[in-house]
Novice: 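Could you have a look at this structure, given as structure tokens, before my questions?
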Amino acid sequence: MSFTRTLRAVGGAVVAGALLFGTAPVASADQIRHEQWPLRSFGVDDIWKVSTGKGVTVAVIDDPVDGSHPDLKGNVLPGKSFLDGGTADRPDGKNEHGTAMASLIAGHGHGPGGGDGVKGLAPDAKILPVGIDLRDKEESYAEPLRYAVDHGAKVVNMSFEDFGDTSPAEKAAVDYARRHDVLLVAASGNSGSSTPRLPSSVPGVLAVGAMDIDLKVWKFSNYGSHIKLLGPGLHIRSAGVETPYRLANGTSDSTAYVSAAAALVRAKFPHLTAGQVANRLVKTAVLPDSMKGKKLPDRHYGYGIVNPWQALIKKMPKGSENGPLPALKDGSSNASSKDAQQAAESDKGMSTGVIIGIVGGVVGLLVVVLIVVLVVKKKSGRNGPPPGGPGGYGGPGGPGGFVPHPPHPGHQQQPSAPGAYPSAPPTQPPGR
């Protein structure tokens, strides 16, 4: 691991206060909920009629999460803290970043009808907290990521940035997650730089930048050819630890919203692979008018701003198993390594059985044909030619003659499904 490496949360708290967003008035008198402008922008009242993320577990690799927060209670699993080996559903001192991300994903509010406090975009999803020390320069996310995969996460939120190099163990952990059909979502970083940050620039990870309420890229959102989507990242209300709520800017928050959108899609379309879920998210993303007709993915906008409503309702082909993400080097897709191994063993066994069956069948058929020929020849010598004239039944042109049938037009082999994205382009070198 690089000596200069450090993991940092990519969301900064800002001064709380009354904000005027220029949006329509809301029915709730709760100011905290009123300040959650992304929910109104997304149109969650319609979204939640289609999906709430129920049945999907989202791992949050971050500070431990306060599972007793009134807006999160009941939605947070015990998880594991890699700081002390205990559970990660209790806050780590004053560190609240993980609690904030969890609330944006699966907060359910509190009070009558859950109308007060913070509500997440996928309020019925479960949070698997995986506690790490974001301030430890030698921290690795390899083991925490494997833990998340092994404990049922279908989406993993990684709202942190790494300034070092990807270790072999971390690269292997990312591949492990992908082979187990887990979608990885990571923040691009908050320095307004084109220098790729990790893990967002690791191949196979969905990299997310931040935008504001005017659909403009945040000036401090990192960019590059690896960026896939933008999410709301300015003036974001979320749950806190030292105080009940906080207000922040950052690609951390935008990443949490994209992870929540992925949870909504996974709940609605459980048969889709992680890559196909990513495909839905990028194919339905929104672009401002100034970006119409531009080549995508754009280095700042990626494929556009996440649009969970359209991702849920749009009729579209599933696309390739990897979607906009590059295929794994061994050519496998977002399938479980165990399933892939079993499939390989099954194919191998089936091939051997088929070969044996074919050989046995051919030998048996030859024996039968030889017997028939001998019998017919013997009879022919005594009784003359068989009835029906030359060829007879089964002869050329006779009633039993084989006539090849053209393939039915409705059953022709289909080409690859349209809409599938090619492999992601290689990351541009730093400074471009």
Novice: Run the salt-bridge test on Arg135 and Asp63 with the 4.0 Å N-O cut-off and return the result as yes or no.
Specialist: yes

Novice: Any heavy-atom pair between the side chains of Leu121 and Val44 that's under 4.5 Å?
Specialist: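 Contact flag for Val44/Leu121 side chains = yes.
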
Novice: Does any donor atom in the side chain of Asn307 or Thr284 lie under 3.5 Å from an acceptor atom in the other side chain?
Specialist: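 Absent: no donor and acceptor within the cut-off.
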
Novice: Can you tell if the side chain of Arg178 reaches within under 4.5 Å of the side chain of Leu325, non-hydrogen atoms only?
Specialist: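 The answer is yes, as the side chains (C-beta and beyond) meet within the 4.5 Å cut-off.
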
Novice: Using a strict cut-off of less than 4.0 Å between a Lys/Arg side-chain nitrogen and an Asp/Glu carboxylate oxygen, indicate whether Asp45 and Lys49 qualify as a salt bridge.
Specialist: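 Judged by the 4.0 Å cut-off on N to carboxylate O distance, Asp45 and Lys49 do not form a salt bridge.
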
Novice: Name the orientation class of the two ring planes belonging to Phe220 and Trp218 (parallel below 30°, tilted from 30 to 60°, perpendicular beyond 60°).
Specialist: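 Answer is perpendicular, since the angle exceeds 60°.
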
Novice: Check whether any side-chain heavy atom of Phe82 sits under 4.5 Å from a side-chain heavy atom of Val130, and report yes or no.
Specialist: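 A side-chain contact exists here, since the closest heavy-atom pair is under 4.5 Å.
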
Novice: Are Asp116 and Ile32 packed together at the side-chain level, in the sense that at least one heavy-atom pair is separated by less than 4.5 angstrom?
Specialist: no

Novice: Considering only NZ, NE, NH1 and NH2 on the basic side and carboxylate oxygens on the acidic side, decide whether Lys154 and Asp181 come within less than 4.0 Å.
Specialist: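 Looking at Asp181 together with Lys154, the answer is yes, because their closest N to O distance falls below 4.0 Å.
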
Novice: Looking only at heavy atoms, which two atoms of Pro324 and Gly275 are closest? And how far apart?
Specialist: CD-O, 3.6 Å

Novice: Could you walk me through whether His97 and Ser252 pass the side chain to side chain donor-acceptor pair (under 3.5 Å) check?
Specialist: CA-CA 9 Å; His97 194 264; Ser252 276; 2.9 Å; yes

Novice: Enter the distance from Ile105:CD1 to Asn75:CG here, rounded to the nearest 0.5 Å.
Specialist: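 So the CD1 of Ile105 and the CG of Asn75 are separated by 11.5 Å.
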
Novice: Taking side chain as C-beta onward, heavy atoms only, is Tyr223 less than 4.5 Å from Val217?
Specialist: no

Novice: Just by modelled atom types, is the Leu264 backbone N or O under 3.5 Å from a matching donor or acceptor in the Ser51 side chain?
Specialist: yes

Novice: Given side chains that start at C-beta, do those of Val208 and Val306 come closer than 4.5 Å, heavy atoms only?
Specialist: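 Of all side-chain heavy-atom pairs linking Val306 with Val208, none is under 4.5 Å.
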
Novice: Whether the Ser200 and Glu161 side chains hold a donor-acceptor pair (N or O, under 3.5 Å, no angle test) is what I'd like checked.
Specialist: no

Novice: How many angstroms lie between CG in Asp62 and CZ in Phe160, if you round to the nearest 0.5 Å?
Specialist: 8.0 Å

Novice: Check Asp150 with Lys80, please: is the shortest side-chain N to carboxylate O separation under 4.0 Å?
Specialist: no

